[in-house]
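Single-structure report; data block below.
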Amino acid sequence: MAKTFADQLASRLNDALSKTDFAGELPEGFNAQIDQAQNRQFGDYQSNAAMILAKQLRKNPREVAAAIIEQFDGGTLSEKPEIAGPGFINFRITQESLESVLQSLLNDPDQLGLEKAAEPKTIVADFSAPNVAKPMHVGHIRSTIIGDCLTRVAKFAGHTVISDNHIGDWGTQFGMILWGWKNLLDETALETDPIPELLRIYRDVNAKTKDDEALKEVCKAELVKLQGGDEENLKIWERCIELSKIGLQKIYDRLDVKFDYWLGESFYNDQLAPIVDELLAAGIAEESDGAICVFFPEVEKLADKPTIIRKSDGGFLYATTDLATIDYRINELKADAIWYVVGAPQQLHFDQIFLVSEKRGQKAELEFIPFGSILGKDRKMLRTRSGDTVQLADVLDEAVVRARVIIDEKNPDLPEEEKAEIAEIIGIGSVKYAELSQYRMTDYIFDWDTMLALKGNTAPYLLNAYVRTRAIFRKLGKDFEPGGNLTLTADAEKDLILKLAQFAEVVPSVLNDFRPNTLAAYLYEVATTYHKFWEACPVLKEEGDIRQTRLAICELTGQVLRCGLGLLGIRTTEKM
RNA sequence: GCACCCAUAGUAAAACGGAUAUUACGUCGGUUUCCGGAACCGAAAGUCCAGGUUCGAUUCCUGGUGGGUGUACCA
């Protein structure tokens with residue numbers, strides 16, 4: 001598959017630069033960049049190289065641009081570039097190139113022009129990571145959906161990605177749950193629906209301990225017994241994990257999220273003491289006030305922010321577990337990179353953990369991929385403990401119900417089974433799209449109508465564009481068949497093909513800064529451009545090459561939308 | 001106290017130094033002899049404040065203001 005338009009233009013632009021009079025005066029390693037034009041009136045692509053160079057060369061930027069253009073050989077790729085404004089160089093892709101890219105993308109249905117990574121990495125993606133014995137609430141949606149999307153994109157780009165659900169199965173909450181299980185458990189409730197019952201226990205005990213110091217101690221003792229290997233407590237614990245996993249799996253199935261591993265905190269229990277010993281022996285950790293800490297005197301901001309890896313009572317903390325987890329991922333899973341899709345409040349913790357890893361000489365690329373908080377109406381973070389949060393399962397149910405209402409209205413004659421399936425796709429897709437289409441650091445206040453919107457820049461808009469591509473072929477009575485002489489006759493066709501060709505430019509950029517919203521925005525533009533094409537260019541009414549060309553465009557649009565939505569984790573439907 | 005994140009039309013968001021700041025919801029007004037109108041076309045409305053760097057700043061830097069979060073034995 002050929003390079004993208006941007007790559008080809010950049011290479012030709014740099015060739016041109018090397019032929020100019022001032023080629024010898026360019027800064028060391030200067031590489032001119034090509035960007036997609038922000039405003040189509042200026043062309044398809046643009047470069048600001050002339051303006052950047054003008055200063056160093058002490059020349060007028062427009063003169064620099066003119067000198068570059070003088071040497072620029074667009075070949076069959078682009079028209080003669082134009083100078084505009086303060087010194088932008090604007091490029092327009094030729095019709096010939098657009099026709100040929102349409103053909104070559106149709107010949108490449110698996111990758112749609114995207115080249116696999118030259119140096120594939122093994123990446124462990126750590127996301128979702130709910131605590132067991134509690135249902136997932138809306139707050140878990142961001143990690144789960146963003147992590148899943150990044151996993152899909154990285155795989156598509158050719159990397160090996162191992163998804164690992166690092167569940168919280170060994171926290172202090174088990175002290176309360178154990179006591180609650182023994183004293184407050186309603187067996188029948190547990191039989192019918194275990195997770196809510198476990199949550200009820202947890203909340204009840206949590207409330208009781210608020211003003212009962214003695215009970216707090218009793219719970220602590222239960223936890224110590226568990227950690228000491230007490231048989232009865234271990235049994236209860238195992239049962240809790242088992243029940244919780246079943247409940248969690250239901251949600252993941254609906255979300256179409258898959259994990260290669262579920263290596264929770266408890267998996268690393270045996271590794272904690274050895275790590276502390278190792279760090280002490282290496283002089284990385286030291287004792288302070290009875291606790292074992294790692295200090296970071298070399299980092300000014302962390303001068304008074306040590307991380308504690310063993311408490312003065314001998315217990316370990318989540319920092320210890322995270323260090324053991326890094327070991328396992330590097331040594332056993334052979335990770336070149338580890339991605340943590342975790343809430344922004346944990347920034348400091350991961351800064352510290354990563355520094356410790358560095359001190360230990362570990363080389364893996366550790367990426368903290370934070371996201372903003374979902375807030376309650378009071379503008380404070382949602383907390384499970386307080387008990388007033390919205391459960392994720394309820395959000396998904398409501399999303400599907402709302403989608404169903406519209407399907408009944410728009411398409412009442414579909415069979416019941418199909419309606420249910422489509423409602424699921426649209427409902428879940430809408431929730432995912434709402435999350436992925438905004439910048440991950442943005443905090444937002446949870447709101448049913450925003451999260452479950454079905455109008456505007458939402459999943460149904462994109463799905464409808466896909467459905468339209470399929471409707472054409474349904475009407476035609478057969479699938480797309482290659483052939484004919486592809487010729488473009490309308491601007492709407494050219495706009496759309498350019499957009500489709502940019503799929504291979506956009507997808508890799510998602511991983512530059514871990515921003516699924518760039519892909520979501522791109523797909524929205526594809527859908528908009530297709531809807532405009534639809535208005536301007538009848539397909540089945542035409543004949544010969546024009547009809548064949550437009551069928552090809554519909555086919556390719558469908559493929560890009562299906563593939564792109566797939567990367568977001570959103571399934572497509574033929575009818576809606 | 002210190003640190004991190006955020007601040008964009010009435011509302012919710014986008015723009016990882018570029019041209020006239022881009023969308024959606026809502027408001028107002030149009031489009032259907034035509035392949036799915038869950039569509040298309042049009043209008044009004046905006047970058048927290050004060051400096052700085054730059055040919056060019058929503059974007060980078062400094063200082064404010066406002067909100068969120070974290071900060072030695074929870075995860």
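The sequence lines fix the lettering, A, B, ..., with proteins before strands; numbering per chain opens at 1.
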Item to check | C1' atoms of G52(B) and G56(B), separation to the nearest Å | outcome: 15 Å
Next on the checklist: For a quick check of understanding: with a heavy-atom distance under 4.0 Å over all strands, which category does Ile406(A) fall into, base, sugar-phosphate or nothing?
Outcome noted: base
Item to check | Inter-nucleotide P distance (G68(B), U8(B)), Å rounded | outcome: 15 Å
Checklist entry - Distance between the P atoms of C60(B) and A7(B), in whole angstroms? => result 10 Å
Checklist entry - Taking only N and O in the side chain of Lys301(A), is any of them less than 4.0 Å away from OP1 or OP2 of C4(B)? => result yes
Checklist entry - Are Phe267(A) and Trp262(A) an aromatic pair by the rule of ring centers under 6.0 Å? => result no
Checklist entry - Which part of the nucleic acid, if any, lies within contact of Asn411(A), taking any heavy atom under 4.0 Å across all strands shown: a base, the sugar-phosphate backbone alone, or nothing? => result base
Checklist entry - With a 4.0 Å cut-off on heavy atoms, is Ile407(A) in touch with a base, just the backbone sugar-phosphate, or nothing at all? => result base
Next on the checklist: Please give the distance between the C1' atoms of U33(B) and A38(B) as a whole number of Å.
Outcome noted: 23 Å
Next on the checklist: Quick check, does Phe88(A) stack with A19(B)? I mean ring centres under 5.5 Å and planes off by under 30°.
Outcome noted: yes
Next on the checklist: Stacking between Tyr439(A) and A14(B), defined as ring centres under 5.5 angstrom apart with planes under 30°, is that present or not?
Outcome noted: no
Next on the checklist: Categorize Met51(A) for me: base, sugar-phosphate, or nothing, with a 4.0 angstrom heavy-atom threshold over every strand shown.
Outcome noted: base
Next on the checklist: Classify Phe316(A) by what it touches in the nucleic acid, base, sugar-phosphate, or nothing, heavy-atom distance under 4.0 Å.
Outcome noted: sugar-phosphate
Checklist entry - Just checking Asp378(A): base, sugar-phosphate only, or nothing, at a heavy-atom cut-off of under 4.0 Å? => result nothing
Checklist entry - In this structure, are over 12 heavy atoms from other groups packed under 6.0 Å from Glu424(A) atom CD? => result yes
Checklist outcome for this item: Assign each of Val539(A) and Asn90(A) the nucleotide of RNA chain B bearing its closest heavy atom; nearer the 5' end lies the nucleotide of Asn90(A)
Checklist entry - After noting the C-alpha distance and the side-chain angles of Ser437(A) and Asn517(A), does the key distance pass the side chain to side chain donor-acceptor pair (under 3.5 Å) rule? => result CA-CA 4 Å; Ser437(A) 60; Asn517(A) 70 304; over 6 Å; no
Checklist entry - Heavy atoms under 4.0 Å, any strand shown: does Thr442(A) hit a base, just sugar-phosphate, or nothing? => result sugar-phosphate
Checklist entry - Considering only the C1' atoms, how many Å lie between A57(B) and C74(B), rounded to the nearest integer? => result 43 Å
Checklist entry - Counting any heavy atom closer than 4.0 Å, what does Ala291(A) reach on the DNA or RNA strands: base, sugar-phosphate only, or nothing? => result base
Checklist entry - Within the structure shown, what part of the strands sits under 4.0 Å from Thr172(A) by heavy-atom distance: base, sugar-phosphate, or nothing? => result sugar-phosphate
Checklist entry - Across the strands shown, which category fits Asn512(A) at heavy-atom distances under 4.0 angstrom: base, sugar-phosphate, nothing? => result base
Next on the checklist: Could you tell me if Lys311(A) sits above the aromatic ring of Phe316(A), with its cationic atom closer than 6.0 Å to the ring centre and no more than 45 degrees from the axis?
Outcome noted: no
Next on the checklist: Counting the atoms with a prime plus P, OP1 and OP2 as sugar-phosphate, which does Pro538(A) contact under 4.0 Å by heavy atoms, base, sugar-phosphate, or nothing?
Outcome noted: base
Item to check | Nearest-Å distance once atom P is located in both A75(B) and C5(B) | outcome: 25 Å
Item to check | Close aromatic pair by centroid cut-off 6.0 Å: Phe350(A) and Phe368(A) | outcome: yes
Next on the checklist: Mind checking if Asp289(A) touches a base, just sugar-phosphate, or nothing, with heavy atoms under 4.0 Å?
Outcome noted: base
Item to check | Spacing of the C1' atoms in C25(B) and A9(B) (rounded, Å) | outcome: 12 Å
Item to check | Pair Tyr340(A) and Phe354(A), ring centroids less than 6.0 Å apart | outcome: yes
Checklist entry - If you measure from the C1' atom in A19(B) to the same atom in C55(B), how many Å do you get, rounded? => result 13 Å
Checklist entry - Which comes earlier along RNA chain B counting from the 5' end, the contact point of Ser509(A) or that of Ile472(A), where each point is its nearest nucleotide? => result Ser509(A)
Checklist entry - Given C55(B), is OP1 or OP2 found less than 4.0 Å from the side-chain N or O atoms of Lys55(A)? => result yes
Checklist entry - Is the base of U20(B) touched by the side chain of Gln41(A) through a donor-acceptor pair closer than 3.5 angstrom? => result yes
